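See structure below.
Computed from heavy atoms alone, side chains included, the values below leave out hydrogens, waters and symmetry copies. From a predicted model like this one, the values you see are computed outputs, not experimental measurements.
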Amino acid sequence: MGWTRAAGQLKRTSPAAARNSAPIAEVLEKELPKSGLVLEVASGTGEHAVFMARRFPGLQWRPTDQDASALRSIAAWAEEEGLANLLPPLMLDAEMEDWPVAQADAVVCINMVHISPWEATRSLFAKAGGILEKSAPLVLYGPYLEDRNKTAPSNAAFDESLRSRNSLWGLRHIRDMDELAQRSAFIRTARYEMPANNLVLVYRRK
């Protein structure tokens with residue numbers, strides 16, 4: 001993670017965000033509606049939000065994060081880019097009781113599930129189910145565990161590393177994600193293989 005100064009505020013940069021923005025956008029082009037509001041949960045540096053707002057001018061993009069420094073970074077990126085469809089960032093913790101957005105046409109969450117407690121993912125599905133209409137997508141990007149013959153060795157090692165740092169973190173098994181989705185009135189409709197052994201999982205509101 002790097003730091004620069006822009007628009008009078010600290011602007012954060014992430015090499016991973018620079019690498020994966022375009023591949024993620026290619027998937028989102030197939031899954032997002034042509035217009036409406038996209039709520040991004042855990043926007044991090046704000047680079048994905050800028051990239052996607054520029055890529056999808058027909059969509060309003062609402063970035064959020066629970067971290068104050070991330071929110072400052074997102075605001076700095078937004079001010080520098082000046083995109084009309086990139087809305088101001090909001091403070092949102094996936095586990096909070098009341099989300100600051102009451103309705104959205106899609107929810108996107110990039111690289112949060114494995115670096116947060118499982119309760120955050122449960123809340124993500126529950127709260128997304130409350131703001132999405134039928135058939136609207138919840139799109140998740142990141143590394144996941146699959147059956148033994150499908151899980152990349154690098155992902156298995158990454159999982160061990162995460163759990164050694166925080167026992168509540170770790171890669172989630174797709175089977176558990178699908179079961180949680182079913183209990184939360186979602187169903188998985190797509191799985192995309194991405195660079196660096198990541199996946200995009202698309203769940204839609206039943």
So if you build clusters from Ile, Leu, Val, Met, Phe, Trp, Tyr with side-chain heavy-atom gaps below 4.5 Å, do Leu171 and Met112 land together?
-> no
Going hydrophobic residue to hydrophobic residue with side-chain gaps under 4.5 angstrom, can you get from Val101 over to Phe186?
-> yes
Is there a chain of hydrophobic side chains (I, L, V, M, F, W, Y, each step under 4.5 Å between heavy atoms) that links Leu199 to Ile115?
-> no
On a heavy-atom basis, the closest approach of Asn85 and Ala53 is ND2-O, 2.9 Å
Donor-acceptor contact present, side-chain Thr151 to main-chain Leu145, <3.5 Å | no
In this structure, CG of Leu71 is separated from CD of Gln66 (nearest 0.5 Å) by 9.5 Å
Under 3.5 Å, is there a donor-acceptor pair between the side chain of Ser161 and the main chain of Ala157?
-> no
Could you pull out the closest heavy-atom pair between Arg205 and Gly129, with the gap in Å?
-> NE-O, 2.8 Å
Begin from the C-alpha positions of Arg191 and Val202 and carry the test side chain to side chain contact (heavy atoms under 4.5 Å, CB included) through to its verdict.
-> CA-CA 6 Å; Arg191 170 193 174 279; Val202 181; over 6 Å; no
Okay, side chain of Asp65, backbone of Ala70: is any donor-acceptor separation there less than 3.5 Å?
-> no
Residue pairs passing the side chain to side chain donor-acceptor pair (under 3.5 Å) test with at least one member in residues 132-141, sequence neighbours excluded, are Tyr141-Asn198
State, with a plain yes or no, whether a side-chain heavy atom of Leu59 is found less than 4.5 Å away from one of Leu32.
-> yes
Is any side-chain heavy atom of Leu124 less than 4.5 Å from a side-chain heavy atom of Cys109?
-> yes
Take Asp178 and Tyr203, measure what side chain to side chain contact (heavy atoms under 4.5 Å, CB included) needs, and give me the verdict at the end.
-> CA-CA 9 Å; Asp178 290 349; Tyr203 295 91; 2.7 Å; yes
Straight-line distance of Trp61 CH2 to Leu39 CG, nearest 0.5 Å | 9.5 Å
So do the side chains of Arg163 and Trp169 get within less than 4.5 Å of each other, counting heavy atoms only?
-> no
CG-CG distance between Leu168 and Leu162, expressed to the nearest 0.5 angstrom | 12.0 Å
What about Trp118 and Phe158, same hydrophobic cluster or not, with Ile/Leu/Val/Met/Phe/Trp/Tyr joined at side-chain heavy-atom distances under 4.5 Å?
-> no
Counting only N and O atoms by type, is there a donor-acceptor contact under 3.5 Å from the side chain of Asn155 to the main-chain atoms of Pro143?
-> no
Is there side-chain contact between Asn20 and His48, with at least one heavy-atom pair below 4.5 Å?
-> yes
Salt bridge flag under 4.0 Å for residues Glu31 and Arg204 = yes
Okay, side chain of Gln60, backbone of Leu87: is any donor-acceptor separation there less than 3.5 Å?
-> no
Do Thr45 side-chain atoms and Glu47 backbone N/O form a donor-acceptor pair below 3.5 Å?
-> yes
CD1 of Ile74 to OG1 of Thr64, rounded to nearest 0.5 Å, is 7.0 Å
Checking side chain to side chain contact (heavy atoms under 4.5 Å, CB included) for the pair Met91/Met96: CA distance, chi angles, key distance, verdict?
-> CA-CA 10 Å; Met91 199 291 289; Met96 67 196 308; 3.9 Å; yes
Shortest non-hydrogen separation from Gly142 to Asn111 and the atoms involved = CA-OD1, 3.5 Å
Can you find a pair of side-chain heavy atoms, one from Val38 and one from Val107, that are under 4.5 Å apart?
-> no
With a 4.5 Å limit on heavy-atom distance, are the side chains of Arg188 and Ile174 in contact?
-> yes
Evaluate the criterion salt bridge (charged side-chain N to carboxylate O under 4.0 Å, His left out) for residue pair Asp159 and Arg172; output intermediate values, then yes/no.
-> CA-CA 9 Å; Asp159 179 52; Arg172 312 304 177 184; over 6 Å; no
Donor-acceptor under 3.5 Å (Ser123 side chain, Glu119 main chain) = no
Of all heavy-atom pairs linking Asn197 and Ser154, the shortest is ND2-OG, 3.0 Å
Side-chain ion pair, Glu97 and Lys127, N-O less than 4.0 Å | no
Do the side chains of Met177 and Phe125 get nearer than 4.5 Å, heavy atoms only?
-> yes
Rounded to the nearest 0.5 Å, what separation is found between the OG atom of Ser35 and the CG atom of Asp105?
-> 7.0 Å
Keeping the roles fixed (side chain from Ser21, backbone from Phe51), state whether a donor-acceptor pair exists under 3.5 Å.
-> no
Salt-bridge test for Arg62 and Glu40: reply yes if a basic N is under 4.0 Å from a carboxylate O, no otherwise.
-> no
Do His114 and Tyr144 have ring centres separated by under 6.0 Å?
-> no
Return yes if some donor-acceptor pair links the side-chain N/O of Ser73 with the main-chain N/O of Lys11 below 3.5 Å, else return no.
-> no
Trace of the side chain to side chain contact (heavy atoms under 4.5 Å, CB included) decision for Asp147 with His173 | CA-CA 8 Å; Asp147 294 335; His173 200 289; 4.0 Å; yes
With sequence neighbours excluded, residues passing side-chain contact (heavy atoms from CB on, under 4.5 Å) with Ile187 | Gln182, Thr189, Lys206
May I ask you to say whether Glu29 pairs ionically with Arg55, meaning some side-chain N is under 4.0 Å from a carboxylate O?
-> yes
Taking side chain as C-beta onward, heavy atoms only, is Glu179 less than 4.5 Å from Asp176?
-> yes
